[in-house]
Protein chains: 2
Amino acid sequence: MLSRREQDTYQVVRDFITHHSHAPLLNEIAAGLGIQSKGTVHRYVRAIARAGLIELIPGRHRGMRLCHPPPAESTSLPLLGRIAAGQPIEAIPDQEEIDLSEFFMGPNRFVLKVQGDSMIDAGILDGDMVIIKQGQRADNGDIVVALLDNEEATLKYLQHNRDDSITLRPANTALRPITYAASRVRIQGIVVGQMRSYQSVSSR
Amino acid sequence: MLSRREQDTYQVVRDFITHHSHAPLLNEIAAGLGIQSKGTVHRYVRAIARAGLIELIPGRHRGMRLCHPPPAESTSLPLLGRIAAGQPIEAIPDQEEIDLSEFFMGPNRFVLKVQGDSMIDAGILDGDMVIIKQGQRADNGDIVVALLDNEEATLKYLQHNRDDSITLRPANTALRPITYAASRVRIQGIVVGQMRSYQSVSSR
DNA sequence: TTGAAAGTTCTCTAAAAGTTCTCTATTATG
DNA sequence: CATAATAGAGAACTTTTAGAGAACTTTCAA
């Protein structure tokens, strides 16, 4: 556990290395911390080394290396802006970040891999992953996982009709909506997210 | 068994750690509890430690650790199976898990929010997020972020032609592919992922 | 080779934080 | 009503943290 100034020191060292691509002198660290004593800096540096964050090469000038710590599995990416055909990328101020777990995670969720093109016009293609939130409650227009006669599962737009029947509507002009008695349909969950990877296995 | 104020103290400590990612000083706990005496706080803290909820490092400033740290925000969801219209969900054996960060994360990536329907037939709709891997290299058929004349940015299928020109092909039958001299087109990155959230603001 | 600059090891100081007390209320509880 | 448990204040003390700087050794480049 590093003290406040030790953490400051670690930050200064890292900043320095990223900017200069070599390690700082003790005096340079001291300047970065706004203090005078290189003896004090040396004490901090040794504490950081003991914590395993850097490696020291004793005696040498600039004798330290970063021990790349566990690459803290981050889950957010910068949201750079909006892209619309025919316009420059509209930058979003304040360097927004988008967090994948916030985007998709939640209780009682699971993922299904989609096979087939029945929802293609809703932008859900063969091979896509859909994130499902478990639950029976769904509103008209939600995309749901519906179980028919406790046998067939299907991914469709949901529509409750006035006569208590249920229409499952595919998003594919080649397929037709079908209406069922409510008793035959069990909603297993609603689609809360969708994702697709374009990374081919070959190209890493 | 903790008394009321001891439980309060535990809560204050946990809140502090989640917000600051380091432990509080006794005085900071006291402020959180609305009391003055750090001696009293110390008594509470020791009681919490005796109950096994925190670990104390005697003497040290901020010398305490949670024994049951909050389960680090997981980023994986169970992949239950494949869903194809008209068939039962095909269960995947071995309870596979899909990790969002593995799916999307990587170096030099960023996110853009798509505006417009130019890639609608590729399942990329207005409002979707696309994950871009920065880089000039792209193969035919990749979806790329292309900068035209250093001005317009656009999301299109890429096609290198034999005569060294470049065709950018939208995925929308209402739009036509356009061919440019290679010098006018700069590839800024290729689409490696796409995601969409169906969670309306209202229904959480 | 040599000397300035850099690293290392100390000791010292002061402020801040942790630790241990005692004292005083207040509130349950048998 | 006596007693114990809870809650808080605060004094006194110890230890850690933060920094300065001297003295010494080593590195490194001219």
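Remember, predicted model here, so these are calculated numbers, not experimental data. These numbers come from the heavy atoms of this one structure, side chains and all, not from hydrogens, waters or symmetry mates.
- What separates CE of B/Met1 from P of D/dA5 is a distance of 16 Å, to the nearest Å.
- Distance, A/Leu2 CG to D/dA18 C1': 15 Å, rounded to whole Å.
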Would you list the protein and nucleotides 26-30 of chain C atom pairs, both N or O, that sit under 3.5 Å from each other?
none

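- In this structure, B/Leu148 and B/Val185 have side chains that are in contact, with non-hydrogen atoms separated by less than 4.5 Å.
- Phosphate proximity of D/dG8 to B/Gln36: absent, as no side-chain N or O sits under 4.0 Å from OP1 or OP2.
- Listed pair B/Tyr44 / D/dG8 meets the phosphate criterion, a side-chain N or O lying under 4.0 Å from OP1 or OP2.
- Contact annotation: the side chain of B/Leu168 never approaches that of B/Ile178 to less than 4.5 Å [non-hydrogen atoms, C-beta and beyond].
- In this structure, A/Lys133 and A/Arg109 have side chains that are in contact, with non-hydrogen atoms separated by less than 4.5 Å.
- Between B/Leu125 and B/Ile120, the closest side-chain pair of non-hydrogen atoms falls below 4.5 Å.
- Side-chain contact between B/Glu28 and B/Arg62: present, with at least one pair of heavy atoms (C-beta onward) separated by less than 4.5 Å.
- Note: CD (B/Glu28) to C1' (C/dA17) measures 10 Å, nearest angstrom.
- Using a 30° and 60° split on the angle between ring planes, A/His20 and A/Phe16 fall in the parallel class, below 30°.
- In this structure, the side chains of A/Leu79 and B/Met129 come closer than 4.5 Å at one or more pairs of heavy atoms.
- Among D/dG19, D/dT6, D/dG8, the nucleotide with an atom closest to any side-chain atom of B/Ile35 is D/dG8.
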With 3.5 Å as the limit, what N/O pairs link the protein to nucleotides 4-10 of chain C?
residue	atom	partner	partner atom	Å
C/dA6	O4'	A/His61	NE2	3.2
C/dG7	OP1	A/Arg62	N	3.1
C/dG7	OP2	A/Leu26	N	3.0
C/dG7	O3'	A/Gly59	N	3.2
C/dG7	N7	A/Lys38	NZ	2.9
C/dG7	O6	A/Lys38	NZ	3.2
C/dT8	OP1	A/Gly59	N	2.6
C/dT8	OP2	A/His42	NE2	2.8
C/dT8	O5'	A/His42	NE2	3.4
C/dT9	OP2	A/Arg46	NH1	3.0

| message | Would B/Asp164 and B/Arg162 count as a salt bridge (charged side-chain N to carboxylate O under 4.0 Å, His left out) here? Give the steps. | response | CA-CA 5 Å; B/Asp164 212 35; B/Arg162 284 219 196 111; over 6 Å; no
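- Distance from the side chain of B/Ser37 is smallest for D/dA9 among the nucleotides D/dT17, D/dA20, D/dA9.
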